[in-house]
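Working notes for the structure below.
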Amino acid sequence: MTLTQLEIFSLVAELQGFTSAAHRLGISQSAVSHAIRSLEQELGVELLHRHQAQVELSDIGRQLLGRARAMLGLANTLRQEAADARGMRTGTLRIGSFGPTSSMQLLPKILQGYRAAHPGVEVHIHEGPDRQVIQWLDDRRIDVGFVVLPLERFDTVPLMQDQMVALLPAGHPLAQAQAVSLEQLCNEPFILTEAGSSELVSHLFSSARLSPNVRFHCSQLISTLDTVGRGDGVTVVAEASLPSVSDSRYVTRPLRPRVPREIGLAVLDRRESSPATLAFIEWARKAL
């Protein structure tokens with residue numbers, strides 16, 4: 001069993017195909033098939049079920065995938081610790097980011113200094129909803145992720161705090177209020193966005209035993225802003241996620257009671273984190 005075989009197995013499982021994995025790795029499809037077949041023969045189990053162009057993990061394959069990713073993560077840490085001894089001239093850092101707050105507000109400030117200090121570290125940024133970042137951490141697909149705190153099962157570092165606000169069309173009656181309650185928002189057509197802190201928004205209503213009148217599902221914040229701006233509904237967003245340039249089509253109002261949101265960085269286990277990951281966390285602390 002080799003790390004190359006485990007890397008190919010992990011990528012095939014992630015992309016659900018031999019061809020796409022081969023393209024990503026820059027090798028032939030036959031080489032990918034040979035690596036998987038050799039690994040299965042050595043282990044004596046079928047890791048993947050083949051279905052024409054797609055593949056899916058077998059039960060034992062799903063069980064072993066986590067182990068494989070853990071081994072690859074440790075191997076990457078070993079390489080980077082060796083690189084650190086040489087001045088961290090090389091390495092890889094995989095970052096999970098959600099929504100405009102981390103991708104547009106926080107990351108640029110951190111990466112500016114980080115890349116200058118460690119130009120040999122290759123940085124990969126994966127973007128998705130907050131729950132996706134948590135799943136990537138669990139699956140070891142990323143080394144560090146931006147998350148909404150608290151998150152007790154990870155090692156975390158707080159970075160910033162803002163608040164959740166009601167986003168309303170400019171001419172809406174609630175726009176005249178100084179603050180808006182979740183209960184008031186339940187009486188309006190509600191826009192549920194998958195971007196950013198979607199889990200937090202859903203949790204706010206469920207904790208208050210309220211059910212918003214969801215009429216729209218938007219995958220991106222920009223479409224959410226446009227839908228509110230047209231007057232089609234209201235929503236709840238994080239204040240820091242909003243564009244810095246104001247838009248006359250909508251207004252924000254604090255929630256009543258106030259709902260703070262804390263953003264931080266999370267890793268599975270700081271003791272197993274690579275030097276590149278630890279250096280990124282330190283740069284984040286300095287930058288923010």
Side-chain angles (χ1 to χ4, degrees), residues 7 9-17 20-21 24 54-57 61-63 65-66 68-70 72-73 76 92-108 110-111 122-160 162 164 191-207 214 216-225 235-238 240-242 261-270 272-274 277 280-281 284:
E7 182 182 5
F9 166 55
S10 177
L11 193 58
V12 170
E14 178 183 345
L15 301 178
Q16 297 183 325
S20 51
R24 176 79 64 86
Q54 280 196 330
V55 298
E56 64 177 8
L57 287 165
R62 192 173 294 107
Q63 181 179 336
L65 178 61
R69 285 175 173 158
L72 290 170
N76 185 54
T92 303
L93 177 64
R94 301 167 301 169
I95 304 169
S97 178
F98 72 91
T101 302
S102 56
S103 294
M104 300 177 66
Q105 303 275 1
L106 304 182
L107 259 178
I110 302 169
L111 288 178
E122 187 176 325
V123 177
H124 299 264
I125 299 173
H126 303 261
E127 292 185 300
D130 48 357
R131 64 177 179 274
Q132 185 71 71
V133 173
I134 293 172
Q135 187 63 53
W136 286 334
L137 282 167
D138 280 329
D139 293 343
R140 298 178 185 268
R141 295 188 184 185
I142 58 175
D143 304 302
V144 60
F146 288 91
V147 295
V148 178
L149 301 177
L151 207 58
E152 295 180 358
R153 73 176 187 272
F154 298 108
D155 286 342
T156 60
V157 176
L159 295 179
M160 65 158 287
D162 66 347
M164 305 301 292
I191 303 158
L192 192 62
T193 176
E194 292 297 318
S197 301
S198 56
E199 291 290 295
L200 177 56
V201 172
S202 298
H203 179 70
L204 287 177
F205 283 98
S206 62
S207 296
V214 178
F216 300 88
H217 290 265
C218 295
S219 59
Q220 300 293 332
L221 179 63
I222 188 170
S223 55
T224 301
L225 297 178
T235 191
V236 173
V237 297
S241 69
L242 295 171
R261 181 187 72 151
E262 188 169 32
I263 301 296
L265 289 173
V267 295
L268 265 180
D269 189 336
R270 193 181 179 99
E272 297 181 2
S273 294
S274 68
T277 301
F280 178 79
I281 292 173

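The figures here come from the full heavy-atom set of this structure, side chains too, leaving out hydrogens, waters and symmetry mates. The first residue of the sequence shown is numbered 1, and numbering continues consecutively from there.
- Phe146 pairs by the ring-ring contact (aromatic ring centres under 6.0 Å, His included) definition with nothing, not counting sequence neighbours.
- Applying the side-chain hydrogen bond (donor to acceptor under 3.5 Å, both in side chains) test to residues at least two apart or on different chains, the pairs with a partner in residues 93-103 are Arg94-Asp143, Ser97-Ser102, Ser97-Ser103, Thr101-Arg261, Ser103-Glu127.
- At a threshold of 4.5 Å between non-hydrogen side-chain atoms, the residues Glu7 and Ser10 do not count as touching.
- Counting heavy atoms from C-beta on, the side chains of Asp138 and Leu268 come closer than 4.5 Å.
- Using a 4.5 Å cut-off on side-chain heavy atoms (C-beta onward), Val148 and Glu199 make no contact.
- Applying the ring-ring contact (aromatic ring centres under 6.0 Å, His included) test to Phe205 and every residue at least two apart in sequence or in another chain returns Phe190.
- Smallest separation of non-hydrogen atoms from Val237 and Ser241: CB-OG, 4.2 Å.
- Minimum interatomic distance between Val147 and Ala266 (heavy atoms only, all atoms of both residues): CG2-CB, 3.8 Å.
- Side-chain contact check for Ser223 versus Ile191: every heavy-atom pair is 4.5 Å or farther apart.
- Asp139 is listed as a side-chain neighbour of Arg69, based on a closest heavy-atom distance under 4.5 Å.
- In terms of heavy-atom proximity, Phe98 sits nearest to Pro129 at CB-C, 3.9 Å.
- Two residues are said to be in side-chain contact when any heavy atoms from C-beta on lie closer than 4.5 Å; Ile95 and Leu265 fail this criterion.
- A salt bridge links Glu194 with Arg131: the distance from a Lys NZ or Arg NE/NH1/NH2 to an Asp or Glu carboxylate oxygen falls below 4.0 Å.
- Residues Leu57 and Ala13 approach most closely at CD2-CB, 3.8 Å, considering heavy atoms.
- Put simply, the side chain of Leu137 does not reach to within 4.5 Å of the side chain of Arg153, judged on heavy atoms.
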